[in-house]
**Q** 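The following block contains the structure, expressed as structure tokens.
Throughout, a chain's letter reflects where its sequence line sits, starting with A, and its residues are numbered from 1. Because the structure is a prediction, the values reported are computed rather than measured.
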Amino acid sequence: MSNATMNSDAARGRPVAFRGGGFAPRPQRWVAFVVFAALIALAEWGTRVGWISPLTLPRPSDVLATFRDLISTGLLFDHMGPSLARLAVGSAIGVAAGIGTGILIGLFSHVRSGLVPVVAALFPIPKIALLPLFVIWFGIGEGSKYALIAFGTFTPTVVATYGAVDNVDRTLIRMGQSFGLSWISIVRKIVLPGAMPGILSGMRISLAIAIILLVAAEMLGAEYGIGAYILEAGSLYDLERLFAGVVILSLLGVLVSAAIGVVERRLLAWRT
Amino acid sequence: MDIRLEGIGHSYDNVEVMREISLEIPAGRIVCIVGPSGCGKSTLLRIIGGLERPTQGRVLQIGVPPEGCLNPLTYVFQDFALLPWRSVHGNVSLVLEDHGIPDAEADEIIADVLARTKLSDFAKALPRQLSGGMKQRVAIARALAVKPAVLLMDEPLSALDSQTRELLMDDLVSLYARQPFTAIYVTHNLNEAVRLGHSIVVLSRRPGQIREVVHLDRPLQERALGDPELEARQKYLWDLMRAEARAADAELVNV
Ligand SMILES: Nc1ncnc2c1ncn2[C@@H]1O[C@H](COP(=O)(O)OP(=O)(O)OP(=O)(O)O)[C@@H](O)[C@H]1O
Ligand SMILES: [Mg+2]
């Protein structure tokens with residue numbers, strides 16, 4: 001560019017180049033579907049053409065057929081029913097106990113000093129390794145499965161909750177005290193709602209862990225349940241059924257996450 | 001109900017923040033407290049409101065709070081301190097809920113204070129939908145709802161732009177004209193002090209001590225923007241404070 005044109009450019013003025021924007025992801029529903037559809041189409045095409053051998057990956061359409069069989073024979077519901085019950089009971093116990101403990105840790109110095117190291121010690125234990133112990137404690141039936149899931153969801157919920165309680169705006173608590181609100185009112189009306197965003201995002205993690213543990217528990221001594229179904233398929237190298245089971249798990253994960261999303265939108269509508 | 005401070009002194013881990021503050025706040029008057037940054041104004045207000053224990057001296061309530069008073073010493077915070085998850089109505093009702101007031105009566109109180117702060121149309125709005133001035137009016141409505149004996153206001157207008165501040169000062173004056181209240185009003189802004197204070201307490205820099213108490217007798221409603229007498233008083237206050245403020249500004253905060 002010559003000097004002359006640059007000068008005339010400067011004289012006429014140039015629009016300021018835009019450099020803001022970004023860093024603010026917004027939900028784009030269809031993108032997820034496109035990604036899923038593309039991956040499945042790729043697998044289907046690969047298995048049909050032959051560059052993916054049927055031993056490596058089952059054909060998606062075959063998995064779909066297996067899935068349809070599962071529904072038509074009613075077997076799906078025989079497996080889903082107990083699994084969902086275990087997931088619901090176990091994670092309800094774990095999450096409730098975790099939120100309670102997390103709030104106590106967040107509010108009382110002695111509880112905090114006493115329990116934070118305990119939680120830190122419990123957190124990294126692979127809960128699956130404790131399954132035999134739970135079987136001895138709670139029996140081979142439902143008890144040990146509930147316990148495993150509850151225990152697995154408990155620790156992440158505790159950590160998320162007390163972190164969230166720590167982050168509640170102190171000036172709001174001072175405000176409550178200055179109006180003479182009772183302790184229980186301050187906890188119920190200020191601390192708990194203020195901690196809710198953190199608790200809910202912790203629950204996303206806890207519930208994903210719950211699904212993993214559900215399958216693990218069911219692989220060890222359950223007649224019905226998605227875990228049992230996957231284990232059986234796996235031991236027979238029945239890849240179609242194995243994948244059908246895996247798809248159910250993924251769907252379960254998506255559903256749980258969507259459910260939390262709905263709760264978040266209901267409870268956290270006040271957030272800017 | 002009057003408030004009397006007797007020889008209040010306070011230290012934070014060996015840092016003396018204020019010393020020997022004795023003061024009388026008579027019922028029905030607004031006492032402004034001004035002073036350089038860090039001289040302990042907020043701390044003093046927290047002590048008066050019972051949110052902090054002074055290391056020396058004591059705060060006395062003299063007489064009984066008025067009939068129906070639910071929270072004799074009531075704060076209005078600089079940053080509003082509204083619960084973002086509650087509507088305007090909910091934020092006011094928060095402070096009534098612990099007192100076992102029947103719903104109908106509580107709704108009446110809320111409607112009354114929202115009307116007095118000109119917020120009736122916004123009862124259902126969430127705090128994030130409100131402007132700064134409206135948020136502070138909600139906080140004032142909430143404080144009025146408990147029929148306080150003494151309002152403790154810590155820079156209530158400092159988070160607002162100057163136009164909104166003027167408007168809110170007018171609102172406070174008309175609230176006072178309708179029903180005189182007692183208030184301790186901490187501010188940085190000398191203009192607010194001369195507009196709203198019946199007496200103005202000037203604190204020295206840390207450790208905060210009372211340097212002077214300036215009395216203004218003119219009724220609040222008659223004090224207008226740009227009044228020469230008020231300007232003179234404001235200048236007098238500023239001259240008192242200038243050296244202190246400069247010295248305070250130059251001090252290291254070695255806490
Ligand atoms: N909780 C605390 N712990 C230790 N020091 C504190 C604490 N609160 C306040 N201080 C110190 O006490 C002094 C007085 O603080 P305070 O907030 O009361 O001043 P202030 O007059 O309100 O100041 P500003 O005008 O900036 O609001 C400051 O030096 C501050 O650093
Ligand atoms: Mg302050």
**Q** Would you mind checking which part of A:Leu267 comes under 4.5 Å of any heavy atom in chain B, side chain (CB onward), backbone (N, CA, C, O), both or neither?
**A** neither
**Q** Taking side chain as everything from C-beta outward and backbone as N, CA, C, O, which of these in B:Val95 sits under 4.5 Å from a heavy atom of chain A? Side chain, backbone, both or neither.
**A** both
**Q** Run the side-chain contact (heavy atoms from CB on, under 4.5 Å) test against B:Pro65 and tell me which residues pass, sequence neighbours left out.
**A** B:Met1, B:Cys69, B:Pro72, B:Ala149
**Q** What heavy-atom pair brings A:Leu172 and B:Leu82 nearest, and what distance separates the two atoms?
**A** CD2-O, 3.4 Å
**Q** B:Asp112: which residues meet the salt bridge (Lys or Arg N to Asp or Glu O under 4.0 Å) condition with it, sequence neighbours left out?
**A** B:Arg116
**Q** Below 3.5 angstrom, are there any donor-acceptor pairs between chain B and chain A, and if so, which atoms and how far apart?
**A**
| residue | atom | partner | partner atom | Å |
| --- | --- | --- | --- | --- |
| B:Asn71 | ND2 | A:Ser178 | O | 2.9 |
| B:Trp85 | NE1 | A:Lys189 | O | 3.2 |
| B:Glu97 | OE1 | A:Lys189 | NZ | 2.7 |
| B:Asp98 | OD1 | A:Ser185 | OG | 2.6 |
| B:Asp98 | OD2 | A:Ser182 | N | 2.7 |
| B:Asp98 | OD2 | A:Ser182 | OG | 3.2 |
| B:Asp98 | OD2 | A:Ser185 | OG | 3.1 |
| B:Arg128 | NE | A:Trp270 | O | 3.0 |
| B:Arg128 | NH2 | A:Ala269 | O | 2.7 |

**Q** To the nearest 0.5 Å, what is the distance between CD1 on A:Ile190 and CG on B:Leu94?
**A** 5.5 Å
**Q** Identify which part of B:Leu70 has an atom lying under 4.5 Å from any heavy atom of chain A, answering side chain, backbone, both or neither.
**A** neither
**Q** Can you list everything that forms a side-chain hydrogen bond (donor to acceptor under 3.5 Å, both in side chains) with B:Thr117? Sequence neighbours excluded, please.
**A** none
**Q** Counting only heavy atoms from other residues, nucleotides and ligands, does the tally under 6.0 Å from CZ of A:Phe36 exceed 12?
**A** no
